[in-house]
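Worksheet: the structure to be examined is printed underneath.
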Amino acid sequence: MLFRVPPSWEISENHITPEAVFFNRRRFLKSLIGAGVSTAALSLPGCQQNSGSDAPISPTAGTVSLGKLPTNPNFAEVDRPITQRDLAARYNNFYEFGGNKSIWRDAQALPTEDWKVEVTGLVKNPQTYDLDDLQRKFKSEERIYRFRCVEAWAMVVPWAGFPMRLLLEDVEPTSDAKFVRFTSFYDSKITTGPGWRPASMPWPYTEGLRIEEMANDLAFFATGIYGHTLPKQHGAPIRMVIPWKYGFKGAKSIVKIEFLKDRPATFWNTLVPSEYDFEANVNPTKPHPRWSQATERVVSTGPMLSWERVPTLPYNGYGEYVASLYGS
Ligand code: MTE
């Protein structure tokens, strides 16, 4: 039987994103509870923000400078300023650690020592990479990408890492491989608990791509952000970044990559297939069932309702790179 998200998941985007969440979540929660919305569901939305505004410590503590990396000239700038580093580092989703406003702090429980990424399935050269292998085999570069959440907010982020196609060349998928499943770290002792982590959810977090999508030059594995190693809340030590798709496609803290014949089940698509399709390309003409996708709020400081609202671009502005994948 398909997991049914509790009804209060269905609060609209306008309810999910008001400035009250950012600056006075407690009062906001009270008002919604008064309106009959259950507390359990308030932490469900796909891309809700979590500010941690009362946090005494830095959200980027513990990260290490990557030194001067070459910036890919094709992705050296976009038409908007880069989002402030500390703002991006407090404005996260990582539901394995819950859905509350202190998620960036809760995510510090992620154990990143001795990290390994297993690459398996329909490949000629299965691999288990550690971080040194990844660094040695795949040359890092910086790319500034737009980031568009399915819930209509957007950032601009300088990632560091390498294009996924380099890994494809290393493992050599067989001709039977048509899809790829990416699996995030999961350990029920660390990542299960109350709220957003019930055992009935389809953990671990998984995402998937068609193999041609993975081979596209834009598809990226990030091992850093803002010139530093990834903070845990951004998906340390390695995560996916697929800039022409909604943010939920970018699974964090990847431990396994499998090459498959058939399309894999994925986390959000299993939870709410009517709202989160497998392809999930950014598309201003295809509304989410509960809100329009025609425009987006640009994440910045100040009250959320005053954030600039700008038109959303097809494929998040990357049509010249990816439209041919979809016959357009
Ligand atoms: N990956 C895992 N493993 N768990 C998650 O909850 N959330 C997704 C995506 N990757 C998520 C995940 C969603 S909904 C978004 S919008 C982005 O991560 C947020 O990335 P950020 O916190 O680095 O901005």
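Basis for what follows: all heavy atoms, side chains included, without hydrogens, waters or symmetry-related copies. Every number for a ligand or one of its atoms is a count from 1 in the order of the listing.
The proximity of Glu207 to ligand 1, defined as any non-hydrogen pair under 4.0 Å, does not occur for either the backbone or the side chain. Neither the backbone nor the side chain of Met155 has a heavy atom within less than 4.0 Å of ligand 1. Residue-level proximity to ligand 1 for Tyr205 is carried by the side chain, the only part with a heavy atom below 4.0 angstrom.
Atom 19 (C) of ligand 1 has its nearest heavy-atom neighbour, among Phe147, Phe248, Phe185, in Phe147. Among His234, Lys249, Lys252, the residue whose heavy atom lies nearest to atom 20 (O) of ligand 1 is Lys252.
Residue Gly250 approaches ligand 1 through these ligand atoms, each under 4.0 Å from one of its heavy atoms: 9 (C), 10 (N), 12 (C), 18 (O). Contact atoms of ligand 1 toward Ala251: 1 (N), 10 (N) (distance under 4.0 Å to a heavy atom of the residue). Applying the 4.0 Å criterion to heavy atoms of Phe94 picks out, from ligand 1, the atoms 3 (N), 4 (N), 5 (C), 6 (O). Atom numbering of ligand 1 starts at 1 in the shown order; those under 4.0 Å from a heavy atom of Asn92 are 21 (P), 22 (O), 23 (O).
Relative to the ring axis of Phe162, Lys139 does not place its NZ or CZ within 45° and under 6.0 Å from the centre. For the pair Lys249 and Phe278, the cation-pi test (distance below 6.0 Å, angle within 45°) is passed. Judged by the 6.0 Å distance and 45° axis criteria, Arg148 is not positioned over the aromatic ring of Tyr246.
In this pair, Trp115 and Phe185 present their aromatic rings tilted. The plane angle is within the 30 to 60° band.
Applying the side chain to side chain contact (heavy atoms under 4.5 Å, CB included) test to Lys137 and every residue at least two apart in sequence or in another chain returns Gln127, Tyr129, Asp170.
Here Asp262 does not pair with Lys178 in a salt bridge; the nearest charged N to carboxylate O distance is not below 4.0 Å.
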